[in-house]
Amino acid sequence: MGKRPERSENDRVVSSTLEVPVATAIPRHVAIIMDGNGRWATNRHLPRMAGHERGVAALRKVVQTCAEQGVQALTVFAFSSENWRRPEDEVSFLMGLFLMALEREVKALKEAQVQLRIVGDLSAFSAKLRKAIDRAVSQTASNQGLVLSVAVNYGGRWDLLSAMQRLLADRPDLTQQPLALTEDLLRPYLCLSDLPEPDLFIRTGGEQRVSNFMLWQLAYTELYFTDTLWPDFDDQALLAAFASYQQRERRFGRTSAQLLKPTLAC
Ligand code: IPE
Ligand code: IPE
Ligand code: MG
């Protein structure tokens, strides 16, 4: 017979996946891989760049609808650590579009009380882009509404590795006692650790893969895949994803019968 995992000295569970999160009807945190811009454009005999431009417009609308629906946090994948492999002209177009969007959208974000965050390895970006990021982030930092995190030059493996590197830099003693390393110690070093983990993951564009996005944080997230290409992902498509989410039974390891009981053991 197996047994429940042991608890640490201070009686906190050893694995965060053993804690049972609250499940609300509207996902508190939505994570989206915005995929399909290139195909959207190609289908219309347009350059791929036209798809990326339309992608920004789709994001603007999704941000607004998430805020209206009471979503607390929205995290979107805009440029992966692997996207540098794309043709140079597409990469530089995407960087230019990102810069332009940062400058153009900040006013509307402020008005809508959206707090903007940028997550990823920013060291690869030009000084000009980094400055624009700092400016947009600081201008929205005190906003109290939706937390919008844009992942750029982000990879889930980078997130884990850099968290581990920074933890060990702060706590070199852990190299001598590796068993003292716990999830609670590592978690604060991961991106977006102050937010609830995503309840709902959406990937548009038909591919059914995670593509190195939020590998740690998606451990118990409900996954939703749609063939809709990102520029076509509108309110109706978002609400369809929420409706699918509301049909899910989030058991977090328990049985269905346990969910019916008011007090839950973990
Ligand atoms: C997603 O759309 C945007 C980025 C990765 C920057 P794609 O550009 O990947 O579009 P498809 O998948 O080629 O259609
Ligand atoms: C994932 O899209 C990254 C973003 C949407 C930014 P990709 O289109 O680059 O994903 P893969 O490489 O096809 O999995
Ligand atoms: Mg793609």
Side-chain angles (χ1 to χ4, degrees), residues 29-63 66 73-105 116-126 129 132-133 136 147-162 190-192 198 200-218 221-234 237-238 241:
H29 186 171
V30 178
I32 306 184
I33 297 188
M34 309 181 290
D35 196 17
N37 292 349
R39 280 164 286 163
W40 182 92
T42 305
N43 290 345
R44 288 165 175 73
H45 309 287
L46 295 169
R48 289 176 59 82
M49 321 304 170
H52 295 314
E53 273 171 347
R54 289 297 289 258
V56 176
L59 177 57
R60 194 181 299 129
K61 195 75 195 43
V62 164
V63 169
C66 279
L74 170 66
T75 302
V76 295
F77 208 2
F79 190 87
S80 75
S81 42
E82 291 73 34
N83 286 145
W84 297 106
R85 296 171 187 154
R86 293 193 176 199
E88 223 176 286
D89 61 338
E90 182 165 344
V91 169
S92 73
F93 180 86
L94 285 167
M95 293 300 141
L97 189 61
F98 182 37
L99 181 64
M100 206 161 73
L102 280 170
E103 289 168 348
R104 213 174 39 194
E105 305 293 333
L116 177 69
R117 299 184 188 183
I118 307 292
V119 291
D121 181 1
L122 305 187
S123 66
F125 296 137
S126 67
L129 188 49
I133 290 171
V147 176
L148 169 64
S149 307
V150 180
V152 284
N153 194 22
Y154 173 89
R157 290 184 181 177
W158 163 83
D159 189 5
L160 278 162
L161 196 61
S162 91
L190 292 160
C191 288
L192 308 178
L200 174 64
F201 161 99
I202 299 170
R203 182 172 185 146
T204 61
E207 312 294 356
Q208 301 199 355
R209 54 182 177 247
V210 172
S211 299
N212 199 14
F213 190 41
M214 300 186 91
L215 297 179
W216 173 285
Q217 296 86 345
L218 293 178
T221 302
E222 297 297 327
L223 306 180
Y224 179 84
F225 297 97
T226 171
D227 289 337
T228 303
L229 303 172
W230 176 249
D232 290 328
F233 192 82
D234 55 11
L238 181 68

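No experiment lies behind these values; they were computed from the predicted model shown. Every number for a ligand or one of its atoms is a count from 1 in the order of the listing.
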Checking heavy-atom distances from atom 13 (O) of ligand 2 to each of Arg209, Arg86, Arg85, the winner is Arg209
If you have a sec, work out which protein heavy atom is nearest [atom] and how many Å separate them, to one decimal?
atom: atom 10 (O) of ligand 2; value: Arg203 NH2, 3.2 Å
atom: atom 1 (C) of ligand 2; value: Ile33 CG2, 3.9 Å
atom: atom 9 (O) of ligand 2; value: Asn83 ND2, 2.8 Å
atom: atom 8 (O) of ligand 2; value: Asp35 OD1, 3.1 Å
atom: atom 4 (C) of ligand 2; value: Phe77 O, 3.8 Å

Under 4.0 Å between heavy atoms, the region of Ser80 that gets near ligand 1 turns out to be neither
Residue-ligand contact Ala78/ligand 1, heavy atom below 4.0 Å =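 Per 4.0 Å heavy-atom rule, Ala78 contacts ligand 1.
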Worksheet item: Closer than 4.0 angstrom: is that true for some heavy atom of Gly36 and an atom of ligand 1?
Response: yes
Discussion item. If only side-chain N and O atoms count, and only distance matters, is there a donor-acceptor pair under 3.5 Å linking Asn212 with Trp158?
Written reply: no
Short side-chain donor-acceptor distance under 3.5 Å, Asn83 and Glu90: no
Salt-bridge test for Asp35 and Arg203: reply yes if a basic N is under 4.0 Å from a carboxylate O, no otherwise.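 A salt bridge is present here (some side-chain N lies under 4.0 Å from a carboxylate O).
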Inset, instruction - Evaluate whether atom CZ of Arg157 has more than 12 neighbouring non-hydrogen atoms of other residues, nucleotides or ligands under 6.0 angstrom away. - result: no
- [ ] Tell me which part of Ala151 gets within contact of ligand 2: side chain, backbone, both or neither, using heavy atoms under 4.0 Å.
- [x]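 No part of Ala151 is near ligand 2 at this cut-off.
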So for Phe213 against ligand 2, with non-hydrogen atoms under 4.0 Å, the contacting part is neither
Review point. Any donor and acceptor pair, going by atom type alone, linking the side chain of Arg117 with main-chain N or O of Leu148 inside 3.5 Å?
Key: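 Looks like no, no N/O pair under 3.5 Å.
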message: Need the ligand 1 atom indices (1-based, order shown) with element for anything under 4.0 Å from a heavy-atom of His52.
response: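 It comes down to these atoms of ligand 1: 3 (C), 8 (O).
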The N/O/S atom of Asp35 lying closest to the Mg ion (ligand 3) is OD1
Polar proximity ligand 1 side, Arg39 side, N/O cut 3.5 Å exclusive:
yes
Here the atoms of ligand 2 under 4.0 Å from any heavy atom belonging to Phe79 are 6 (C)
May I ask you to list the atoms of ligand 2 that are less than 4.0 angstrom from any heavy atom of Ser211?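 Reading through ligand 2 atom by atom, the close ones are 10 (O), 11 (P), 14 (O).
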Taking a cutoff of less than 4.0 Å between a non-hydrogen atom of the residue and any ligand atom, is Met34 in contact with ligand 2?
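Checking ligand 2 against Met34, which is what was asked, there is a heavy-atom contact under 4.0 Å.
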